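What follows is one structure encoded as structure tokens, with my remarks underneath.
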Amino acid sequence: MYERGLAMGREFKAKGAHVVLGPVAGPLGRSAYAGRNWEGFSSDPYLSGVAMEKTITGHQDAGVQACAKHWVGNEQEIQRNPIYDPNVTTVKTQGAISSNIDDRTMHELYMWPFANAVKAKAASFMCSYQRINGSHGCQQSKSQNGLLKTELGFQGYIMSDWGATHSGVASIEAGLDMNMPGGLGPYG
């Protein structure tokens, strides 16, 4: 895993990239229809954690920043963002799906690989599209400020996925450090 991460990091650096948008932890594979199952290492949190740590160390030893993603609970592709009325772009017709995760499941399954990413000193984390326990992932203070930055002691920056930020100040106060393109509205 380290050698793979190092080789990938060298390739990114040779192409002029400064940040690798990866590696990916999870999802747990709760649904075979989840569009990101292939992107992660395993549905096993321990194995994913070891793979995350080795890969991040390899990327960063090659001189590029690793961005661990998608923090946290990213289990499906459909309904991950709200849907807006095409005629009245300020009217939301359907909210993004919410990954409702209890404390034990969050700590024992979802956070485990990300704890290894923090241990490996990942430069950044990418917050996810879907809501987490009712709040958009990139403006979820409990997960970003509470779990990631405080409990796990993450010292890097949190970036949004493209188009995953749905507020300005509320997202900043919830721990978001960097908004990627896509704007704050339905069409970015």
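What you see is a predicted model; the values in this text were computed from it and never measured.
- Smallest separation of non-hydrogen atoms from Val50 and Asn116: N-ND2, 4.1 Å.
- Clustering ILVMFWY residues whenever any of their side-chain heavy atoms sit less than 4.5 angstrom apart, transitively, puts Met1 in a cluster other than the one holding Val64.
- In the hydrophobic clustering of this structure, Trp71 groups with Leu28; members are Ile, Leu, Val, Met, Phe, Trp, Tyr whose side-chain heavy atoms approach within less than 4.5 Å, directly or through other members.
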TODO: For side chain to side chain donor-acceptor pair (under 3.5 Å), just list the numbers for Gln139 and Ser167, CA-CA rounded to whole Å, side-chain angles, deciding distance to a tenth of an Å, and then say yes or no.
DONE: CA-CA 7 Å; Gln139 72 180 60; Ser167 67; 2.6 Å; yes
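- The nearest pair of heavy atoms linking Val72 to Ser143 is CG1-CB, 4.5 Å.
- For the atom pair NZ of Lys92 and CG of Asn81, the computed distance is 10.0 Å after rounding to the nearest 0.5 Å.
- The environment of NZ in Lys149 is crowded: more than 12 heavy-atom neighbours from other residues, nucleotides or ligands sit within 6.0 Å.
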TODO: Step by step, work out the side chain to side chain donor-acceptor pair (under 3.5 Å) result for Thr93 and Asp85.
DONE: CA-CA 6 Å; Thr93 59; Asp85 184 320; over 6 Å; no
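- Both Leu176 and Leu148 are part of a single hydrophobic cluster, where members link through side-chain heavy atoms under 4.5 Å apart.
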TODO: Run the numbers on Thr57 and Tyr2 for side chain to side chain contact (heavy atoms under 4.5 Å, CB included), then give the verdict.
DONE: CA-CA 7 Å; Thr57 302; Tyr2 172 81; 3.8 Å; yes
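- Separating the NZ atom in Lys142 from the CE atom in Met106 is a distance of 8.0 Å, to the nearest 0.5 Å.
- Shown here for Ile56 and Ala120, the closest heavy-atom pair between the two residues is CG2-CB, 3.7 Å.
- With respect to the salt-bridge test (charged N to carboxylate O, under 4.0 angstrom), the residues Asp161 and Arg80 do not qualify.
- Linking Ile, Leu, Val, Met, Phe, Trp and Tyr whenever their side-chain heavy atoms come within less than 4.5 Å leaves Met126 and Met52 in two separate clusters.
- We find the CG-OG distance between Leu21 and Ser124 to be 7.5 Å, quoted to the nearest 0.5 Å.
- A distance-only check finds no donor-acceptor pair linking the side chain of Glu53 to the backbone of Lys119 [under 3.5 Å].
- A heavy-atom distance below 4.5 Å is not found between the side chains of His136 and Ser171.
- Linking ILVMFWY residues whenever their side-chain heavy atoms come closer than 4.5 Å, directly or via other members, leaves Tyr110 and Tyr129 in distinct clusters.
- The backbone N or O of Val24 lies less than 3.5 Å from no partner atom in the side chain of Glu39, so there is not a single donor-acceptor pair.
- For the pair Ser48 (side chain) and Ser42 (backbone), a donor-acceptor distance under 3.5 Å is present.
- Between the side chain of Gln60 and the main chain of Lys121, a donor-acceptor pair closer than 3.5 Å is present.
- At distances below 3.5 Å, at least one donor-acceptor pair connects side-chain atoms of Asn145 with backbone N or O atoms of Glu173.
- Distance CZ/Phe154 to CD/Gln144: 10.5 Å, rounded to 0.5 Å.
- With hydrogens and angles disregarded, a donor-acceptor distance shorter than 3.5 Å links the side chain of Thr55 to the backbone of Ala51.
- Annotation for Ser128 and Ala164: closest pair O-CB, 4.2 Å, computed over non-hydrogen atoms.
- Judged purely by atom type and a 3.5 angstrom limit, Ser160 has no side-chain atom pairing as donor or acceptor with the backbone of Asn179.
- Within the model, atoms SG of Cys67 and OH of Tyr157 stand 6.5 Å from one another, a figure rounded to the nearest 0.5 Å.
- Between Asn74 atom CG and Cys127 atom SG the span is 11.0 Å, to the nearest 0.5 Å.
- Using the six-membered ring where Trp is involved, His59 and Phe12 have ring planes that are tilted, between 30° and 60° apart.
- Between Phe114 and Phe125, the ring planes lie tilted relative to each other; the angle falls in the 30° to 60° range.
- Not a single donor-acceptor pair under 3.5 Å links the side chain of Arg10 to the backbone N or O of Ala62.
- With hydrogens and angles ignored, the 3.5 Å screen pairs no side-chain donor or acceptor of Gln140 with any backbone N or O of Arg131.
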